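A quick write-up on the structure given underneath.
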Amino acid sequence: MRKYEKVGLIGLGVMGYGMALNLLKAGYTLVACDVNTERIKMLPNQDRVIVAKNAADVLNYTSTVITMLPNSPHVLSVLEGENGLLSGSVGQDFFLIDMSSISPDITREIGAKLYAKGYKFVDGPVSGGQSGAMNGTLTIMAGGKEEDVQDAMPLFEAVGKNIIHCGECGAGQVVKVANQLMSAINLISMSEAFTLGTKAGVKPEIIMNVIKGGSGRCWAVEDRMPHILEGDFEPGFTIDLHTKDVKLAVDMAKNMNLPLYATNLVAELFKTAQVKGYGKKDNCAIIKLYEELSGITVRK
Ligand code: NAD
């Protein structure tokens with residue numbers, strides 16, 4: 001028998017929706033909660049979907065809850081705010097699995113609070129984007145006590161492929177921030193390289209095909225450049241969310257008095273993209289900054 005027959009999921013956005021599909025596919029009954037209830041109505045297998053009125057209501061059906069929310073304030077409000085989880089009928093077996101990408105410091109504070117009450121808590125941010133969420137192939141960076149991570153494993157296996165226990169509470173978020181700062185820097189290096197090469201007269205699809213087999217290859221080139229070439233900037237992973245992640249890296253480094261030169265520059269570039277109104281576009285829209293400066297577009 002599966003360890004958790006019913007599981008709560010709060011946040012069915014770009015990522016949470018795909019995770020919901022795979023939890024249903026694995027046979028779970030889903031106790032779904034999103035301020036946008038349209039997201040829940042879109043799900044198949046409605047006979048195994050319970051719509052919770054709010055976070056507290058989720059606990060009327062199950063004590064195991066996954067959160068997949070934008071940022072730290074959303075997770076804190078769902079946990080401690082009005083009609084938050086902790087205002088509900090919290091049993092001693094309450095288990096929170098936060099798969100959002102949020103601040104490692106806030107994660108550790110949440111962990112300390114929940115552990116003090118005898119509850120279980122794991123951070124499990126993900127990488128792999130919308131396609132990884134839809135296909136159940138996410139990489140999951142878990143942080144927490146070994147026994148809690150093992151308990152979360154059947155759920156992680158339902159939505160992910162590459163599941164790594166990174167260390168104590170917050171360690172998953174630390175690794176996620178590290179990954180995000182690299183992918184942001186790679187998006188900028190790709191934007192600069194392709195603007196330079198295209199303006200110098202070489203077709204961008206040729207540059208892409210070469211770099212995919214060269215030492216400059218990265219997710220930005222392999223996964224995002226095909227979208228740029230088609231002029232497709234629909235998210236995906238938004239500039240707003242990626243800016244949030246780069247800012248988490250900047251804040252962490254500031255707290256540790258650690259100079260991170262490229263990360264701080266990239267944070268300003270992402271902020272510029274937000275100011276220009278690209279916040280709700282896919283993160284590959286960062287190339288538009290360079291297209292505007294160079295007077296060319298990187299398209300097929
Ligand atoms: P999203 O904005 O598409 O989804 C968030 C969902 O949470 C929305 O449906 C929203 O209505 C809901 N929500 C917000 N506040 C709520 C509340 N108080 N109660 C209930 N529901 C609430 O975001 P996303 O792209 O799915 O990202 C979720 C997390 O995963 C973020 O932390 C993001 O950084 C991370 N992430 C995203 C991607 C990606 O490619 N989109 C990839 C890896 C990690």
Side-chain angles (χ1 to χ4, degrees), residues 1-12 16 19-20 23 28-35 50-126 140-159 163-177 248 251-252 255:
M1 195 167 103
R2 276 180 309 280
K3 188 144 191 200
Y4 302 109
E5 299 246 307
K6 270 189 206 145
V7 61
L9 178 63
I10 305 179
L12 287 90
M19 289 160 57
L23 288 165
Y28 292 97
T29 291
L30 204 67
V31 186
C33 172
D34 195 302
V35 284
I50 297 168
V51 185
K53 289 194 285 286
N54 48 48
D57 189 34
V58 174
L59 293 182
N60 292 326
Y61 303 96
T62 178
S63 54
T64 302
V65 183
I66 298 174
T67 41
M68 195 51 170
L69 296 161
N71 197 2
S72 315
H74 305 84
V75 175
L76 285 174
S77 123
V78 153
L79 185 63
E80 303 176 329
E82 199 183 340
N83 295 320
L85 289 162
L86 293 179
S87 71
S89 49
V90 195
Q92 210 42 57
D93 53 351
F94 175 46
F95 187 9
L96 178 64
I97 303 165
D98 180 30
M99 301 187 74
S100 331
S101 308
I102 71 163
S103 152
D105 287 344
I106 303 273
T107 296
R108 287 176 180 139
E109 285 170 23
I110 292 173
K113 272 186 209 161
L114 297 185
Y115 294 156
K117 291 177 194 275
Y119 304 144
K120 295 196 295 183
F121 174 61
V122 164
D123 51 299
V126 306
I140 300 174
M141 295 151 259
K145 298 174 186 168
E146 175 64 29
E147 64 270 26
D148 294 353
V149 172
Q150 283 313 316
D151 276 356
M153 213 41 104
L155 295 169
F156 284 161
E157 284 168 353
V159 298
I163 303 153
I164 301 133
H165 186 186
C166 302
E168 294 296 304
C169 176
Q173 298 291 359
V174 170
V175 179
K176 175 67 183 170
V177 171
L248 287 175
D251 290 345
M252 279 172 72
N255 292 340

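As the structure is a prediction and not an experimental result, all values here were calculated from the model. Every heavy atom of this structure was used, including side-chain atoms; hydrogens, water molecules and symmetry mates were not.
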Less than 4.5 Å apart, any side-chain heavy atom of Leu23 and any of Ile66? yes
Across all chains, not counting sequence neighbours, the side-chain hydrogen bond (donor to acceptor under 3.5 Å, both in side chains) partners of Ser101 are none
Measuring from atom CG of Leu248 to atom CD1 of Ile106, what distance do you get when rounded to the nearest 0.5 angstrom? 9.5 Å
Partner set under side-chain hydrogen bond (donor to acceptor under 3.5 Å, both in side chains) for Ser103, not counting sequence neighbours: none
Could I get the full list of side-chain contact (heavy atoms from CB on, under 4.5 Å) partners for Asn54, not counting sequence neighbours? Ala56, Asp57, Asn83
Ignoring hydrogens and angles, tell me if any N or O in the side chain of Thr29 forms a donor-acceptor pair with the backbone of Lys6 under 3.5 Å. no
Quick one: does any side-chain atom of Asp34 pair with a main-chain N or O of Leu12 as donor and acceptor, under 3.5 Å? yes
Roughly how far, to the nearest 0.5 Å, is CD1 of Ile97 from CG of Leu155? 5.0 Å
Hey, what do you get for CG (Asp93) to CG (Leu59), rounding to the nearest 0.5 Å? 9.5 Å
State, with a plain yes or no, whether a side-chain heavy atom of Val7 is found less than 4.5 Å away from one of Tyr61. no
Identify whether NZ of Lys or CZ of Arg in Lys117 sits under 6.0 Å from the centre of the six-membered ring of Phe94 and within 45° of that ring's axis. no
Would you call Val177 and Pro104 a side-chain contact if the rule is heavy atoms closer than 4.5 Å? yes
If you compare all heavy atoms of Tyr119 against all heavy atoms of Gly91, which two are closest, and at what distance to 0.1 Å? CE2-O, 3.5 Å
Asp251: which residues meet the salt bridge (charged side-chain N to carboxylate O under 4.0 Å, His left out) condition with it, sequence neighbours left out? Lys247
Got a second to check how far Ser89's OG is from Asn60's CG, nearest 0.5 Å? 4.5 Å
Would you say the side chains of Thr67 and Asp98 form a donor-acceptor pair under 3.5 Å? yes
Side-chain heavy atoms of Ile10 within contact of Met68, under 4.5 Å: no
Cation-pi geometry met for Lys120 and Phe95 (6.0 Å, 45°): yes
So, for Tyr115 and Gly144, which heavy atoms are closest and what is the spacing to 0.1 Å? OH-CA, 4.0 Å
For Lys145 and Phe121, what are the C-alpha separation, side-chain angles and deciding distance, and is it a side-chain contact (heavy atoms from CB on, under 4.5 Å)? CA-CA 8 Å; Lys145 298 174 186 168; Phe121 174 61; over 6 Å; no
Less than 4.5 Å apart, any side-chain heavy atom of Ile163 and any of Val149? no
May I ask you to test the Ile110-Leu79 pair for a side-chain heavy-atom distance under 4.5 Å? yes
Minimum heavy-atom separation for Gly124 to Ile140, with atom names? O-CG2, 3.9 Å
Within residues 163-173 or reaching into it, pairs that qualify as side-chain hydrogen bond (donor to acceptor under 3.5 Å, both in side chains) - sequence neighbours excluded: Glu146-His165
Can you tell if the side chain of Leu114 reaches within under 4.5 Å of the side chain of Leu86, non-hydrogen atoms only? yes
Which atom pair, heavy atoms only, marks the closest approach of Leu9 to Gly16? CD2-O, 3.5 Å
Taking every non-hydrogen atom, the tightest pair across Leu85 and Ala55: CD2-O, 3.4 Å
With sequence neighbours left out, the residues meeting salt bridge (charged side-chain N to carboxylate O under 4.0 Å, His left out) with Glu80 are Lys113
Straight-line distance of Glu5 CD to Thr62 OG1, nearest 0.5 Å: 10.5 Å
Rounded at 0.5 Å granularity, tell me how far CG in Asp123 sits from CE in Met141. 10.5 Å
Would Ile50 and Leu30 count as a side-chain contact (heavy atoms from CB on, under 4.5 Å) if you check the C-alpha gap in whole Å, the side-chain angles of each, and the deciding distance to 0.1 Å? CA-CA 6 Å; Ile50 297 168; Leu30 204 67; over 6 Å; no
